[in-house]
Visitor: 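Here it is, the structure in full.
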2 protein chains.
Amino acid sequence: MPDSPTARAVPVHTRDRLVAAATELIMQDGYAAACVAAVAERSGVATGTLYRHFPSKAALFVEVFRRICGRELEVMREAAEAQTTATSALDAIVESFASRALQRPRLAWALLSEPADPLVDAERLTYRRKDRELIAEVVRGGVESGEFVEQDADASAAALVGAIGDALIGPLSSTGQSHADPARTVAELQAFCRRAVGVPSPA
Amino acid sequence: MPDSPTARAVPVHTRDRLVAAATELIMQDGYAAACVAAVAERSGVATGTLYRHFPSKAALFVEVFRRICGRELEVMREAAEAQTTATSALDAIVESFASRALQRPRLAWALLSEPADPLVDAERLTYRRKDRELIAEVVRGGVESGEFVEQDADASAAALVGAIGDALIGPLSSTGQSHADPARTVAELQAFCRRAVGVPSPA
DNA sequence: GATCCGTGTGAATCCGGATTCACATTGACT
DNA sequence: AGTCAATGTGAATCCGGATTCACACGGATC
């Protein structure tokens, strides 16, 4: 039975190759470098082919962002849910976010603040909102359990998202300089966040 | 002595008019709406004239950003220096930043995170760094005086800048919805920042 | 084997701005 | 008056991409 219908020569749906190529380009050189021509070339297809699978460049990248951000969010959520206290959940979120951002700084920057199409920006905001919601959830839990002081969970969550993002990507924004000591940076940030939500000082 | 040399018919150096027009456009509709044609029209000159005073559009907007951000920074610095304790200085910075950002949300967003030319982005980063330095200074003071707990002032400053920015403009990012209760938002943010640097709870 | 559909091709085209430039105008200085 | 520098004009031009489209090609269906 040569060449059965289901066992085609690993064509790997072109659509997926396009998404993969776009993802790689963003990881390497950010959104700016991810022009249609580059994506097509990297996928081994012509530029026109891209439009057989996506109505526009923006649509392709919305999908790319959706996939990446979705996974990131899931990782954070799982990290948080594996913990038993709000404090350790907060630590876990920071740790998760930080370690991944520091490993792929370019990607982190692209995801968090690199200029992009309006459609892509909208997608970014959607996920940022989800990040806030996840953190707000943790904060609410901490306040209820008495681990954290009384506070407006949504306001704190917004501030925490900003703090985490800026502390990690702010300093190295687009310029390639990395943090001197990642572990220390993360620890410092965790301490900051704990204090911010009012975890009693360990001293 | 009709028409003395110094009393020209209020020409108001065209250069300044261009800067003013560009500033107004940014305040109203953000960077995206500030195209060369619009700036020129609003200044009452032709597009070509812009290039008599600036080598490029980016150069014009770098100057615009420099002026605005410089003033904002100065206001924050003065607000901080008028205080006698690090805690009140931190409060004053947050209050200053917040009240101004909430009054001109569109401008705040343009200044903090709207996509712009690389040159303009670079200017933005310069001022963000200065913001960090100002706050780091305050944090250092607080740590020394014992008002704040021991911490890495630079790391905390980066996180604080992010927290303040996100808490204020994050939620309303580009979409016109404003904060329900500005005063409450500011108070909540001040409390967050105090806790974050380890000011002993007022309770 | 005729037709159709899904897919691929890539040069030509379109598009939104920024930028240029040949041509005034005006005031200053000789 | 004559020259020059500075400034203004705005239509024409340029430019970096995204997007289109007329033209294949293979496999499936009838």
Side-chain angles (χ1 to χ4, degrees), chain A residues 1-22 25-26 29-65 110 114-121, chain B residues 1-22 25-26 29-65 110 114-121:
Chain A
M1 70 290 279
D3 199 44
S4 74
T6 53
R8 310 309 316 287
V10 204
V12 183
H13 285 315
T14 303
R15 185 189 162 86
D16 293 328
R17 298 234 308 287
L18 286 166
V19 172
L25 283 172
I26 283 194
D29 301 305
Y31 187 80
C35 61
V36 172
V39 173
E41 189 190 7
R42 183 155 202 141
S43 305
V45 299
T47 62
T49 301
L50 191 153
Y51 292 86
R52 292 281 180 213
H53 301 274
F54 298 93
S56 70
K57 179 195 175 184
L60 163 61
F61 281 90
V62 163
E63 172 141 347
V64 170
F65 270 60
E114 184 177 7
D117 293 50
L119 273 179
V120 176
D121 283 344
Chain B
M1 69 291 282
D3 197 44
S4 73
T6 53
R8 310 311 316 288
V10 202
V12 182
H13 283 315
T14 303
R15 184 188 164 87
D16 293 329
R17 299 232 308 287
L18 287 166
V19 172
L25 283 172
I26 283 193
D29 302 305
Y31 186 81
C35 62
V36 172
V39 173
E41 189 190 8
R42 182 156 203 141
S43 305
V45 300
T47 63
T49 302
L50 192 153
Y51 292 86
R52 292 283 179 210
H53 299 275
F54 297 93
S56 71
K57 179 194 175 185
L60 163 60
F61 281 90
V62 164
E63 172 140 347
V64 169
F65 271 60
E114 185 177 6
D117 292 52
L119 274 178
V120 175
D121 283 344

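Just so it is clear, the structure is predicted and the values come from calculations on it, not from any experiment.
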Visitor: Please tell me which of the listed nucleotides, C/dG8, D/dG10, D/dG8, lies nearest to the side chain of A/Thr14?
Guide: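 The nucleotide sitting nearest to the side chain is C/dG8.
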Visitor: Starting from C1' on C/dG6, measure out to CZ on A/Arg15 and report it in whole angstrom.
Guide: 15 Å
Visitor: How do A/Leu50 and B/Gly48 order along DNA chain C: which one's closest nucleotide is nearer the 5' end?
Guide: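 On the 5' side of the pair lies A/Leu50.
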Visitor: If you define the side chain from C-beta out and look only at heavy atoms, does anything of B/Leu50 sit under 4.5 Å from B/Val45?
Guide: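 No, their side chains stay 4.5 Å or more apart.
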Visitor: Which comes earlier along DNA chain D counting from the 5' end, the contact point of A/Arg52 or that of B/His53, where each point is its nearest nucleotide?
Guide: B/His53
Visitor: Go through the structure and list residues passing side chain to side chain contact (heavy atoms under 4.5 Å, CB included) with B/Ala46, not counting sequence neighbours.
Guide: B/Thr49
Visitor: Not counting sequence neighbours, which residues clear side chain to side chain contact (heavy atoms under 4.5 Å, CB included) with B/Ala32? List them please.
Guide: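 Partners of B/Ala32 under the side chain to side chain contact (heavy atoms under 4.5 Å, CB included) test: B/Glu114.
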Visitor: Who passes ring pair (Phe, Tyr, Trp, His ring centres under 6.0 Å) against A/Phe54, sequence neighbours left out?
Guide: none
Visitor: Could you work out, with ring pair (Phe, Tyr, Trp, His ring centres under 6.0 Å) as the rule, every residue matching B/Phe61, not counting sequence neighbours?
Guide: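 With sequence neighbours excluded, B/Phe61 shows a ring pair (Phe, Tyr, Trp, His ring centres under 6.0 Å) to B/Tyr31, given in chain and number order.
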Visitor: Can you check whether B/Thr49 has a side-chain N or O nearer than 4.0 Å to OP1 or OP2 of D/dT7?
Guide: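 So the side chain of B/Thr49 is outside the cut-off, no N or O lying under 4.0 Å from OP1 or OP2 of D/dT7.
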Visitor: For A/Leu18 and C/dG8, give me the distance from atom CG to atom P, rounded to whole Å.
Guide: 8 Å
Visitor: Output one letter per nucleotide in nucleotides 12-19 of chain D: B when a protein non-hydrogen atom lies under 4.0 Å from the base, S when only the sugar-phosphate is that close, - when neither is.
Guide: ------SB
Visitor: Determine which pairs satisfy salt bridge (Lys or Arg N to Asp or Glu O under 4.0 Å) with at least one residue from residues 37-65 of chain A, sequence neighbours left out, and list them in order.
Guide: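 Matches after skipping sequence neighbours: A/Arg15-A/Glu63, A/Glu24-A/Arg42, A/Glu63-A/Arg67.
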